[in-house]
Asks: 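Right, I'll just put the structure down here and ask away after.
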Number of protein chains: 2
Amino acid sequence: MKKKVTIKQIARELDVSVSTVSKALRDSKEISLDTRQKVQAFAKLLNYRPNNIAISLKNRKTKNIGVIIPEIVHHFFTTVISGIEREANKAGYNVIVCLSDESFDKEVINMETLANGSIDGFILSLSKETQAKKDFHHLQEAINQGMPLVMFDRIAEEIPCDKVVIDDVDGASKAVKYMMKTGCKRIALLSTVDYVSVGKLRTEGYVRALEESGGKVDESLILKIEDIDNCEKQIAELFDRAGFDGVFAVNELFAVTAMKEAQKRGYKIPEDISFMGFTDGILSKYAFPALTTVAQHGPEMGEMAAKMLIQRLESDEVDDESYVTEVIRTSITERESTKSN
Amino acid sequence: MKKKVTIKQIARELDVSVSTVSKALRDSKEISLDTRQKVQAFAKLLNYRPNNIAISLKNRKTKNIGVIIPEIVHHFFTTVISGIEREANKAGYNVIVCLSDESFDKEVINMETLANGSIDGFILSLSKETQAKKDFHHLQEAINQGMPLVMFDRIAEEIPCDKVVIDDVDGASKAVKYMMKTGCKRIALLSTVDYVSVGKLRTEGYVRALEESGGKVDESLILKIEDIDNCEKQIAELFDRAGFDGVFAVNELFAVTAMKEAQKRGYKIPEDISFMGFTDGILSKYAFPALTTVAQHGPEMGEMAAKMLIQRLESDEVDDESYVTEVIRTSITERESTKSN
DNA sequence: TTTTCACACGAAAACGTTGTAATGACCACC
DNA sequence: GGTGGTCATTACAACGTTTTCGTGTGAAAA
């Protein structure tokens, strides 16, 4: 087990100074061509690789980006991460992923450990608990310390930083209108409790679509699901109590679960009931029938977030406070759970 | 934007030396109780946080673990990551995730960038390309440099390092036997091409189960799918050409796709045909009907891998070469796509 | 009074780099 | 024979810590 080779070793063996080696390796013309070649050859021979940590310490940059998400076992977030990764790697950055597990405390702890030198900037999506608590001091603190921050998807309006979101209201509204166009008259909504920002916004979109097309909102068709793991029961109850010919769900899980319930009850999809979900994930794609959804374009979102962060990191430190919020467009992925129009 | 506060600043303001501050902060009894309290109070006031990079450089430990996986948009890997995360955080480590995108080159590059000081050890699962190429020099090199390495799931037998796998052969064999017990007589196999190690092993399990129960393998019932994105067509062809009353797939995607095909053709599940998959992911859980699968216990795998790595990292550097391979047990998750027995 | 010792603290080196300023050698010019 | 100017190289400080090894002070022991 040969130990890592350092500049110092090369210097000693070649009988020159550390500075000479350092400069030779970076091809500084301060060093004679002769020495440069000699050093480089020797470095290559020893398989020298500069120590990232030392470099980080030296120029106070780590070339690491910290990403904090609530849950990795969640297809949408992984698509965002893969977008971040791609963009970050392109610019020579590594991605450090931390999970908040939807917990406020873990979110704070993760931020604190990362902020102390490990990374140059943050990309994050809020945990449910943080959204419910509305306590954002940790974000503000990071910003105060001059640590750039980009929020995505689950954001906090009140924090001054770059953001990238999708237009949830518009996406949901488009979806509901789409369903109406295919002939749906009574569309049920499967949403989450209101403190989940995206749930709230998508509900808003549902309401808006109905109102804009002259319909009115029937509260009995709206189901707000608290416990995502036990949504079956609540959904079954909705089937018991209300009649509808369309279901719009704010995520794919609810949509698929509802489809299963419908099939168990003998409904034909989409003839009897149409279904649409939000988030174009694997579930939607492989459900039976395949689910028509609002695609969120996670990878693009990740790329965008990474791009914004990196730009700020590399923009000569002039911290102009002109924060922007980018909106990623949604699109409808038509599949088999809705009627063709 | 207040800049990060350092020990040096505290020292200057309190008019003591850096050493004193450092010691006081770590509660060294070399320093008088009085000074200790004064320093600590002041540090707290300024919200001092030690700089991780400097500490890393000093003691040549980063407290970071590098994880390289082929694809993050793959449920199994994310469950493993969440297991790694949990275990790593418990021990005060951060997780740096890199994606190889199933590419050999990206795998090598990722390893190289991480190895130069960013992390203390690796956890990785091979990319398909690496498996096909059988070129493992980058792994060997990491090991030679004294960088501990734990491989999981897609491993290379010939590399001397700790490994954690599931018993694919046994899992597949158990699954097939389970199906036979529920009455299946002719079980088709949906597998991948052979260079994907797990596909090969699971195929082996399928064959073994058949042989052990006195049956013989009908090659026409075995489908090896190359292109995962276009599996529908190949699967449809299998339906055209062969008759069977059970389908065992080496992953959940193939299983679900096959179920859809069966339903389109009017077969009842599980009455006419039973289905089983491998990997207990969301697809299986929310498919209709819900898919009976072999659960791989990704989180446990991740925890195990992290535990092994951390143990090696913290075991006083005595590099005893006694590498172990841990086998995570599989279990069958019974759901609706198979008959009850 | 001198020696010894505990005590509280500080100076400096080290981790591996990079960049600035300094050094020395050599040559040319007046 | 100075003065100036290249040129190649090196010393050193710095990044923020930790840690080893002093060092000076005062009090107890001789």
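Below, chains carry the letters A, B, ... as their sequence lines are ordered, and counting in each starts from 1. Computation of the quantities below employed the complete heavy-atom set of this structure, encompassing side-chain atoms and omitting hydrogens, waters and symmetry-equivalent molecules.
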Asks: Angle between the end axes of the helix from C:dT1-D:dA30 to C:dC30-D:dG1, five pairs per end, to the nearest 10 degrees?
Replies: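 So the angle between the two local helix axes works out to 90°.
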Asks: Using a 4.0 Å heavy-atom cut-off across all strands, classify B:Thr35 as base, sugar-phosphate, or nothing.
Replies: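 It contacts sugar-phosphate atoms only.
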Asks: Does a side-chain heavy-atom distance below 4.5 Å link A:Asp101 with A:Glu71?
Replies: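 A side-chain contact exists here, since the closest heavy-atom pair is under 4.5 Å.
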Asks: Checking all strands, does A:Ser19 fall into the base, sugar-phosphate, or nothing category for heavy-atom contacts under 4.0 angstrom?
Replies: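 Result for A:Ser19 = base.
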Asks: Nearest 0.5 Å, please: how far is CD in B:Glu326 from CE in B:Met304?
Replies: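 So the CE of B:Met304 and the CD of B:Glu326 are separated by 3.0 Å.
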Asks: Quick one: label A:Ser22 by what it contacts on the DNA or RNA (base, sugar-phosphate, nothing), any heavy atom closer than 4.0 Å.
Replies: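 A:Ser22: base contact, heavy atoms under 4.0 Å.
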Asks: Name the residue closer to the 5' end of DNA chain C, choosing between B:Val21 and A:Arg49 according to the nucleotide with the nearest heavy atom.
Replies: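 Going by which nucleotide is closer to the 5' end, it is B:Val21.
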Asks: Would you say A:Lys29 and A:Arg36 make side-chain contact, with heavy atoms under 4.5 Å?
Replies: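 They are in side-chain contact.
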Asks: For DNA chain D, note the earliest and the latest nucleotide, 5' to 3', having some atom under 4.0 Å of a heavy atom belonging to chain B.
Replies: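 Span of nucleotides near chain B: D:dC15 to D:dC21.
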Asks: By the 4.0 Å heavy-atom rule, please label B:Thr6 as base, sugar-phosphate, or nothing.
Replies: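 Sugar-phosphate: the residue B:Thr6, judged by heavy atoms under 4.0 Å, touches backbone atoms but no base.
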Asks: Quick check on side chain to side chain donor-acceptor pair (under 3.5 Å): which of B:Asn64, B:Asn51, B:Asn52, B:Thr62 does A:Ser118 satisfy it with?
Replies: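 Result: among B:Asn64, B:Asn51, B:Asn52, B:Thr62, B:Asn52 is the only option passing the side chain to side chain donor-acceptor pair (under 3.5 Å) with A:Ser118.
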Asks: So which one's nearest nucleotide on DNA chain C is more toward 5', B:Ala54 or A:Arg26?
Replies: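 Closest to the 5' end, via its nearest nucleotide, is B:Ala54.
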Asks: Quick one, B:Gln9 and B:Tyr48 - any side-chain contact, counting heavy atoms below 4.5 Å?
Replies: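 Not touching, per the 4.5 Å side-chain cut-off.
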Asks: Check residues 87-94 of chain B and write down every donor-acceptor pair under 3.5 Å in which the side-chain atom is one partner and the other belongs to a residue at least two apart or another chain.
Replies:
| from | atom 1 | to | atom 2 | distance (Å) |
| --- | --- | --- | --- | --- |
| B:Glu87 | OE1 | B:Lys90 | NZ | 3.4 |
| B:Asn89 | ND2 | B:Glu85 | OE1 | 3.0 |
| B:Tyr93 | OH | B:Glu314 | OE2 | 2.9 |

Asks: Could you tell me from which nucleotide to which nucleotide of DNA chain C, 5' to 3', there is an atom under 4.0 Å from chain B heavy atoms?
Replies: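 Counting from the 5' end, contacts occupy C:dA8 to C:dG16.
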Asks: Using 0.5 Å steps for rounding, measure from the CG atom of B:Asn116 to the CE atom of B:Met147.
Replies: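 If I round to the nearest 0.5 Å, the distance is 8.0 Å.
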Asks: With sequence neighbours excluded, tell me which residues meet salt bridge (Lys or Arg N to Asp or Glu O under 4.0 Å) with B:Glu129.
Replies: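 With neighbours one apart ignored, the set is empty.
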Asks: Return the set of residues passing side-chain hydrogen bond (donor to acceptor under 3.5 Å, both in side chains) with A:Asp135 (not counting sequence neighbours), or none when no residue passes.
Replies: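 With sequence neighbours excluded, A:Asp135 shows a side-chain hydrogen bond (donor to acceptor under 3.5 Å, both in side chains) to A:His137, given in chain and number order.
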Asks: Just wondering, are more than 12 heavy atoms of other shown residues or ligands nearer than 6.0 Å to CD in B:Glu158?
Replies: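 Yes - once you tally the heavy atoms of other residues, nucleotides and ligands closer than 6.0 Å, there are more than 12.
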Asks: Taking atom NZ of A:Lys38 and atom OG of A:Ser32, what is their separation to the nearest 0.5 Å?
Replies: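 Here the rounded value is 7.5 Å.
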Asks: Once you apply a heavy-atom cut-off of 4.0 Å, does B:Leu57 come out as touching a base, just sugar-phosphate, or nothing?
Replies: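 If one applies the 4.0 Å heavy-atom cut-off, B:Leu57 turns out to touch a base.
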Asks: With a non-hydrogen cut-off below 4.0 angstrom, is A:Lys8 in contact with a base, only sugar-phosphate, or nothing?
Replies: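 Result for A:Lys8 = sugar-phosphate.
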